[in-house]
Structure formats: C-alpha cells, structure tokens
Amino acid sequence: MLHFSNMRCFSPPNSNAPGSKTRSYLLGLTLLVSALMPAGLMMGCGETAAKAEVNRQELEALLRNYLPLLGQAYAERDSSVLEDLAVPKEMARIDLRIEELTAAGRIYEPEFKEVTVEDISVWNYSNAFVTTLEVWDVRSFTVGSHLLLNESLAQRNRVKYQVKRKDDSWVILYRELDQSFDQ
C-alpha cells in the first residue's frame with residue numbers, strides 16, 4: 001500500500017526557501033547562454049566567410065603563378081617548370097599535348113595576359129573547383145624553322161580547374177578548357 005503523507009507537492013520556488021538563489025542563478029545563466037548562442041553562430045559564419053576569402057586569395061595566387069609557367073612549359077616543351085604547382089598526372093597530360101603538337105610539326109608559345117576567377121567551390125577545406133576567364137596571346141610556330149603559322153591575340157577562354165590543398169598551398173589536379181570566345 002502506498003502512503004502519500006511523506007510526498008511533497010511541487011510548488012514554485014520561494015525566494016526565501018533554501019536553494020532558491022541557486023535555481024534563480026541557473027535560470028539566469030540558461031537565459032544568458034540562450035541569448036548569446038545566435039551571436040556565437042554568427043561569429044562562426046564570419047570566420048567561415050573569412051576562411052572562404054583566404055581560400056579565394058590563395059587560389060587566385062596559385063593561378064597567377066601557374067599560368068605564366070604553363071605558357072613557358074608549352075613554349076619550351078618542358079612541363080617540369082610546373083613541378084611544384086601541378087600533380088604528375090596533370091603534367092603528363094601537358095607532356096602528351098606537347099608531343100602531339102610536335103608530331104604535327106608545331107610549337108605553341110602561349111603568353112599569359114590575365115585571369116579572372118569567376119567561381120570557386122571549396123569542400124572539405126582541401127578540395128576546390130575553380131572556373132576562370134583567361135586571356136592569352138597564342139602563337140603557333142613550325143618546329144625547327146620557327147616560322148609563324150598562326151596567331152591569336154587576346155584569346156579569351158573559360159577554363160575549369162580541380163585543385164587540392166597540399167600542405168600550406170594548393171596544387172592543380174586537372175585543367176580543362178571549357179569554352180573559347182571569338183573576339
């Protein structure tokens with residue numbers, strides 16, 4: 001048989017009752033934390049936005065270093081100048097293209113002019129897709145006699161990159177010409 005005489009009914013805290021100051025303190029602390037949480041979340045968003053800006057600056061710097069060297073690699077028919085900026089697989093793709101051009105009796109001498117980063121999509125902090133609009137002066141010469149075969153000045157191309165973070169910098173995993181624009 002149950003006896004209810006020893007049970008207490010719940011009643012709201014009485015400011016004179018023992019422990020009421022502790023309850024009031026905890027309630028106030030809970031309200032304070034609840035009020036500050038959205039501000040903390042906003043700070044997190046700001047940090048994410050700042051990190052995205054750092055990534056954008058890092059990726060733009062990578063491309064501004066890479067693109068003149070890419071032109072040099074084609075002109076000199078030597079992709080090793082890209083060693084610190086591209087993975088071996090991408091360098092092998094460039095070597096293959098250089099071999100194809102040489103077999104056709106041509107040497108490309110592209111001269112990098114400018115790059116505009118149109119879009120960056122970073123994920124897992126260490127991978128990114130980058131879309132650029134690049135301007136190049138591209139000249140094609142014969143192998144051996146170095147006679148000018150073709151010239152395209154201020155050639156505009158939309159290019160897509162896949163890049164990966166390596167230590168404190170980025171490297172090119174893949175570069176693909178997406179679209180060329182006539183002048």
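The first residue in the sequence is number 1, and the count goes up from there. No hydrogens, no waters, no symmetry mates; every other heavy atom, side chains included, goes into these values.
- In this view, Y74 satisfies the ring-ring contact (aromatic ring centres under 6.0 Å, His included) rule with no residue, not counting sequence neighbours.
- For N157 (side chain) and V159 (main-chain N/O), no donor-acceptor pair under 3.5 Å exists by modelled atom type.
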> Stepwise, does the side chain to side chain contact (heavy atoms under 4.5 Å, CB included) test hold for K164 with S126?
Replying inline: CA-CA 6 Å; K164 183 162 185 66; S126 62; 4.1 Å; yes

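- In terms of modelled atom types and a separation under 3.5 Å, the side chain of D137 and the main chain of A154 share a donor-acceptor contact.
- Residues passing the side-chain contact (heavy atoms from CB on, under 4.5 Å) test with N150, sequence neighbours excluded: R106, S140.
- Shortest non-hydrogen contact noted between A128 and V122 is CB-CG2, 4.0 Å.
- Heavy-atom contacts from other residues, nucleotides or ligands closer than 6.0 Å to CD of E151 number more than 12.
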> Can you list the steps and then say if R139 with E111 is a side chain to side chain contact (heavy atoms under 4.5 Å, CB included)?
Replying inline: CA-CA 8 Å; R139 293 175 183 85; E111 183 183 342; 3.6 Å; yes

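- When all heavy atoms are compared, the tightest approach of L62 to W170 is CD1-O, 3.4 Å.
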> Could you walk me through whether Y174 and K160 pass the side chain to side chain contact (heavy atoms under 4.5 Å, CB included) check?
Replying inline: CA-CA 8 Å; Y174 187 78; K160 295 190 178 202; over 6 Å; no

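- Hydrophobic clustering of Ile, Leu, Val, Met, Phe, Trp and Tyr side chains at less than 4.5 Å, counting indirect connections, unites I120 with I172.
- Annotation for D84: atom CG does not count as buried by contact number, only 12 or fewer foreign heavy atoms lying within 6.0 Å.
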Tabulate below the donor-acceptor pairs under 3.5 Å that side-chain atoms of residues 91-104 make, not counting sequence neighbours, or state none.
residue: R93; atom: NH1; partner: E90; partner atom: OE1; Å: 2.9
residue: R93; atom: NH1; partner: R175; partner atom: O; Å: 3.1
residue: D95; atom: OD1; partner: S79; partner atom: OG; Å: 2.8
residue: D95; atom: OD2; partner: S79; partner atom: OG; Å: 3.1
residue: T102; atom: OG1; partner: I98; partner atom: O; Å: 2.9

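- Residue L85 forms a side chain to side chain contact (heavy atoms under 4.5 Å, CB included) with just one option from V163, N65, V171, and that option is N65.
- Taken together through direct or relayed side-chain contacts under 4.5 Å among Ile, Leu, Val, Met, Phe, Trp and Tyr, F129 and L177 form parts of separate hydrophobic clusters.
- A distance-only check finds a donor-acceptor pair linking the side chain of T142 to the backbone of L147 [under 3.5 Å].
- Ring geometry for W136 against F112 counts as perpendicular: the plane angle is over 60°, on a 0 to 90° scale with 30° as the lower cut.
- Across every non-hydrogen atom of V81 and A73, the tightest pair is CG2-CB, 3.8 Å.
- Inter-residue side-chain proximity for Q72 and D78 is flagged as unmet; no heavy-atom pair is nearer than 4.5 Å.
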